[in-house]
Amino acid sequence: MSEATTLEKPDLKIDQDEGNFSYPEDYAFDAGTGLTEKTIDYICEVKEDPDWVREFRKKALRIFREKPLPTHWASKDLENIHFDDFRYYLSKGAKPKRTWDEVPDDVKRTFERLGIPEKERAFLAGVEAQFDSEAAYSNIKKAVAEQGVIFVGSREGLKEHPEIFRKWFGKVIPTADNKFSALNSAVFSGGSFIYVPKGVKVKHPLQAYFRINAENFGQFERTLIIVDEGAELTYMEGCTAPKFDSVTLHSAVVELVAMKGAKLQYITVQNWSPNVFNLVTKRGLAHEESEIKWIDCNIGSRLTMKYPGVILKGRKARGEVLSIALANNGQHQDTGAKMIHAADETTSNIISKSISIGSGRATYRGLVHIPRHLKGCKNNTECDALLINTESRTDTYPAIVTRGEGNSVQHEASVSKVSAEQIFYMQQRGLSEGQAMSLSVNGFVNELVRQFPMEYSVELKRLIDLEMEGSVG
Amino acid sequence: MKSTLEIKGLKAAINGTEILHGLNLTVPKGEVHAIMGKNGSGKSTLAKVMAGHPDYEVTGGDVLLDGKTILGLDPDVRAREGLFLAFQYPSEIPGVTIANFMRAALNARRPEGQEVDAVEYYNELYKKMDLLKIDRSFTSRAVNDGFSGGEKKKNEILQMAMLEPKYAVLDETDSGLDIDALKIVSHGVNSLRGPKMGILVITHYQRLLDYIVPDVVHVMVDGRIVKSGPKELALEMEKKGYDWVENLATV
Ligand SMILES: Nc1ncnc2c1ncn2[C@@H]1O[C@H](COP(=O)(O)OP(=O)(O)O)[C@@H](O)[C@H]1O
Ligand SMILES: [Mg+2]
């Protein structure tokens, strides 16, 4: 265990590759490499899934096999994913612990290094910490649970709360939505199930943390959040993985439901290592006068494809996507937003900021759909790109489909560059090249980040600083 | 230890064209020297080469700060060693406020965990801004973004005042300034004069030297210093024109 001991450095703050460590594997349950019906049976046995879930999974596997890779998703790099080379389920057990003391040492140390227990004490209403396929720890503060808020993993959700779970599960994002949603539906494990009862306003965020530890592994968490009438919730997710030579796959499905007058804010802090394919489907269903806001920040990964969406189903529903994507050398961030207006007087707002560094590539892919028969709908879309050095490229595909007279759509796009002269100027004042780039990037996203909750903007700034320091040769 | 900024036989080229052809100049701490020269004589080249601009190649000679060479150091290391350059054409840095920029620059000079105290920092910043008659609202404006020519130049001197370098090179800080702004900027520079700082003022016109009175004047022609003398040399230059020294250069 010498590896584990040398990794135990107390100085978390100045660790440059802070997510880049892993512990030796020690799993009680391993579905092996490759994906067949047997893999699914294995997962079902370990998780003690009810029959309807086993059938749901097997049907999804058939759909996954039939579906081609999405061709409208721009990257050929998808073809480099060899589905037979991954391990689809790894865990030390399917049941999370309720206290950190019960969590196995290596897992506990992982999350301590990532600062999770500390944040939990400081400002969170509840935490779920997933290590590979299952949550190792899950807890909600007593006062919040007493308000009737349910915060558990998907496994517990479907078993203990089937009446709510089954009503919405797979309804916002059908299995057949795309190849990766089908894959997730076949092998999903972990993720959160949350229900906030009518009128309950959860003051502090609930947080889930997704950690990949193993090599040649795929993580497929499944999250379903239902915020009932007039209720409010902020949910944050963070993700990291160690850097391996082999490919890691992360393919989540996240479904959100906001009932009448509800408010739901979903925040992602993603800091994947550069060998991760991150192919995630996220969508919310917004009922009358409700509001769904995605704050989505993508740092790291080899290829991220993610287009959080909101279906604006009820009158006066509001949808928002605020996103930041940082594509460093060799990375491709293919991100965007989808707003499907399906009722009168619905409004949507998309603000996307992308940063491309070196050979990094950022693509914005948007869809705003407002059908002819609707009245009083509004969309605002802003896409700003920042290029750092000349190799960088950026593409914008805004795809706005509006029909009908009484609807309004605004679209703005800009591309700016950080020039060598600007970097030199800042260096002349004593800032290192990395600090200079970091300052420019933070300056670029500043106005947007000001709209984020405080804890989150601090975290984001720190991640940008680390990323920029690391990008200088 | 020497207390000078010393340029010895400096040769430098850009894109394979040599611009500085063996330039010699020494600015002792506590003095103000001026370089006068026509457009294209290589004044900005000298400033940027000293600061370590990556486009220039040093092909000979040396630049020594207090006796130690700074060639080969990254621009930010030179800056932290105490060299400051007020740019002829300062860059705009969108989204980065003056307050944040200056604070980051000051913190870059300090060990980790010993960042500047916010209250003290703003006191200092406001004091220096008052000196240069810069409105306080500028702290929250992005560095040089949308600034007028004069505002940019004042901002350069503000940064110099905040960073308190050992040696400062001011590249045509007078260009683009009206007479009132020129007086304010000169007053700012003069208030920074003292035994702890050596200043090299680069200018095209004699006018600036009425306000920032130099100890020594150097005349630059085609990448070399061809004549040096007391402050009266500036007036002589103004009267006789550059042709006079150009003839000297070819002798
Ligand atoms: N990129 C470049 N390639 C070639 N020559 C250059 C380049 N930049 C500047 N020069 C030349 O270098 C000389 C000196 O320029 P500069 O140092 O800016 O002069 P000054 O500041 O005295 O006006 C000029 O002749 C100019 O044309
Ligand atoms: Mg010049």
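The shown structure was predicted, so the numbers you read here are calculated from the model rather than taken from an experiment. To find a chain, count down the sequence lines: A is the first, B the second, and so on, and within it residues start at 1.
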K.L.:
Minimum heavy-atom separation for B/A108 to A/L431, with atom names?
P.N.:
CB-CD2, 4.1 Å
K.L.:
I need the residue from B/L106, B/V77, B/L85 with the largest number of non-hydrogen atom pairs under 4.5 Å to chain A.
P.N.:
B/L85
K.L.:
Mark yes when over 12 heavy atoms from residues, nucleotides or ligands other than A/H411 sit less than 6.0 Å from its NE2; otherwise mark no.
P.N.:
yes
K.L.:
Around atom CD of B/E115, are there more than 12 heavy atoms from other residues, nucleotides or ligands closer than 6.0 Å?
P.N.:
yes
K.L.:
Quick check for you: to the nearest 0.5 Å, what is the distance between B/M160 atom CE and A/R429 atom CZ?
P.N.:
10.5 Å
K.L.:
Using non-hydrogen atoms and a 4.5 Å limit, figure out which bit of B/E92 sits close to chain A: side chain, backbone, both or neither.
P.N.:
backbone
K.L.:
So how far is it from B/I93 CD1 to A/L439 CG, rounded to the nearest 0.5 Å?
P.N.:
8.5 Å
K.L.:
Are more than 12 heavy atoms, taken from residues, nucleotides or ligands other than B/Y126, located less than 6.0 Å from that residue's OH atom?
P.N.:
yes
K.L.:
If I measure from the heavy atoms of chain A, does B/P165 come under 4.5 Å with its side chain, its backbone, both, or neither?
P.N.:
neither
K.L.:
B/F87 vs A/Y425 aromatic rings, parallel, tilted or perpendicular, using cut-offs 30° and 60°?
P.N.:
tilted
K.L.:
What heavy-atom pair brings A/G430 and B/A79 nearest, and what distance separates the two atoms?
P.N.:
N-CB, 3.5 Å
K.L.:
Answer whether the closest heavy-atom distance between the side chains of A/E433 and B/D76 falls below 4.5 Å.
P.N.:
no
K.L.:
Relative to chain A, which of B/A105, B/G52, B/S91 shows the most heavy atom pairs under 4.5 Å?
P.N.:
B/S91
K.L.:
Against chain A, label B/R109 side chain, backbone, both or neither, depending on which of its atoms sit under 4.5 Å from a heavy atom there.
P.N.:
side chain
K.L.:
Given salt bridge (Lys or Arg N to Asp or Glu O under 4.0 Å), test B/K48 with A/E421 step by step and report yes or no.
P.N.:
CA-CA 11 Å; B/K48 285 192 262 184; A/E421 277 321 304; 5.3 Å; no
K.L.:
Nearest 0.5 Å, what's the CG-OG1 distance between A/N446 and B/T97?
P.N.:
7.5 Å
K.L.:
Kindly compute the distance separating CD (A/Q428) from CD (B/Q159), expressed to the nearest 0.5 Å.
P.N.:
9.0 Å
K.L.:
Answer with side chain, backbone, both or neither: which region of B/N144 has an atom nearer than 4.5 Å to a non-hydrogen atom of chain A?
P.N.:
side chain
K.L.:
Check this for me: A/K378, atom NZ, are more than 12 non-hydrogen atoms of other residues, nucleotides or ligands nearer than 6.0 Å?
P.N.:
no
